[in-house]
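Note that the structure is a prediction, hence the values are computed from the model and not measured. When a ligand or atom number is given, it counts from 1 through the structure's own listing order. Values below: all heavy atoms of this structure, side chains included; hydrogens, waters and symmetry mates excluded.
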Amino acid sequence: MKKHTIGSIRKRKGAQPLVMITAYDALFARLFQESADILLVGDSLNMSFGGNPDTLSATMDQMIYHTNAVCKGASDTFVITDMPFGTYTDGVTALANAIRVFRETPADAVKIEGGSDKAPLVRHLTSNGIAVCGHIGLLPQAVRAEGGYKVKGKSEEEALSLIEDAQAIEKAGAFILVIEGVKADVATRVAKSVAIPVIGIGAGNGVDGQVLVFSDMLGLYEPFVPKFVKQYMNGAQTVKEAVAEYAQEVQNRSFPDENYVY
Ligand code: KIV
């Protein structure tokens, strides 16, 4: 697949849906590049790979390390890096951290969570040469402040507020927007209210593309499977069976046989 540009991503608005998937390392990024338009180095890595209960303790150093790995594995794929919790609290901090991503990795854009309240930050970044992906709706970095992961868009008031968020983030210069955990009909209205592609996760099928956390959609992450996740393989079972077979063969000395020795 030819590497996307901001322009070719924008052109997919209302056209062929964009395929986004998270990637955290070179190994999986290499496998995903054939099918994905965009790889997201999501701070969700702090949960599935870091073993933490939420994304909040992810750091800039970790995001930079994982972004470099992903870019090495899929050098011809458009890569977006999540700005972790606490790294965009004000314009100066946000720009310094986003510049780190651009200087220290080949990432194409950064993603920040938040609606209208974050529009001035998005403007500050975009006017300084940083391509920004917005993220509205359910905000994983707000999990402790909100006391859990809460689906959004359940009332007309929330729907209008999401539309306002999307339009503010677009006006601030973001080229794409992730919408998470939002009632499908409301997410469709949000997508129709802006001219940039809106990528859904747990937001139904009326948007301009989808993103899933790869360890969820491959069935590798067992602690919690959100309702919106379709598991395209039973990764956990497959891995466990393979490792159990290996363990058995080591114990009964059937591995290595003559095919696997020098
Ligand atoms: O961190 C992440 O993987 C994300 C997705 C849930 C969109 O932000």
| query | Under a 4.0 Å heavy-atom limit, does Leu45 contact ligand 1 with its side chain, its backbone, both, or neither? | reply | neither

| Heavy atom under 4.0 Å from ligand 1: found in Asp43's side chain, backbone, both, or neither? | both

| Stepwise, does the salt bridge (Lys or Arg N to Asp or Glu O under 4.0 Å) test hold for Asp208 with Arg12? | CA-CA 7 Å; Asp208 305 299; Arg12 295 280 283 273; over 6 Å; no

Ignoring hydrogens and angles, write down the donor-acceptor pairs under 3.5 Å from the side chains of residues 211-218, residues two or more places apart or on other chains.
unit_1	atom_1	unit_2	atom_2	d
Ser215	OG	Ser48	OG	3.4

| task | Compute the shortest N/O to N/O distance between Ser44 and ligand 1 and return yes if it is under 3.5 Å, no if not. | result | yes

| request: Would you check whether Thr22 has a nitrogen or oxygen atom less than 3.5 angstrom from a nitrogen or oxygen atom of ligand 1? | output: no

| request: Can you sort out which atoms of ligand 1 are near Gly42, meaning under 4.0 Å from one of its heavy atoms? | output: 1 (O), 2 (C), 3 (O)

| Which atoms from ligand 1 have a heavy atom of Glu180 less than 4.0 Å away? | 6 (C)

| message | With a cutoff of 4.0 Å, is His135 in contact with ligand 1, counting heavy atoms of the residue only? | response | yes

| field | Which residue and heavy atom of the protein sit nearest atom 5 (C) of ligand 1, plus the separation | value | Leu40 CD2, 3.8 Å

| query | Can you tell which part of Asp82 has a heavy atom less than 4.0 Å from ligand 1: side chain, backbone, both or neither? | reply | side chain

| request: Walk me through it: do Phe28 and Tyr24 pass the test ring-ring contact (aromatic ring centres under 6.0 Å, His included)? | output: CA-CA 7 Å; Phe28 280 94; Tyr24 311 138; 8.8 Å; no

| message | Tell me whether Lys2 is salt-bridged to Asp37, with the criterion being a basic N under 4.0 Å from an acidic carboxylate O. | response | no

| said: Need the ligand 1 atom indices (1-based, order shown) with element for anything under 4.0 Å from a heavy-atom of Val213. | reply: 3 (O)

| Less than 4.0 Å between a side-chain N and a carboxylate O, is that true for Lys111 and Asp43? | no

| In a check of salt bridge (charged side-chain N to carboxylate O under 4.0 Å, His left out) between Lys152 and each of Glu157, Glu146, Glu158, which one passes? | Glu146

| Interatomic distance, Thr87 atom OG1 to Ile112 atom CD1 [nearest 0.5 angstrom] | 8.5 Å

| said: Give me the residue, atom name and distance of the protein heavy atom closest to atom 8 (O) of ligand 1. | reply: Lys111 NZ, 2.8 Å

| task | Within a distance under 4.0 Å of any heavy atom of Ile201, pick out the atoms of ligand 1 and give their elements. | result | 6 (C)

| task | Would you check if there is a donor-acceptor pair between the side chains of Thr188 and Asp185 at a distance under 3.5 Å? | result | no

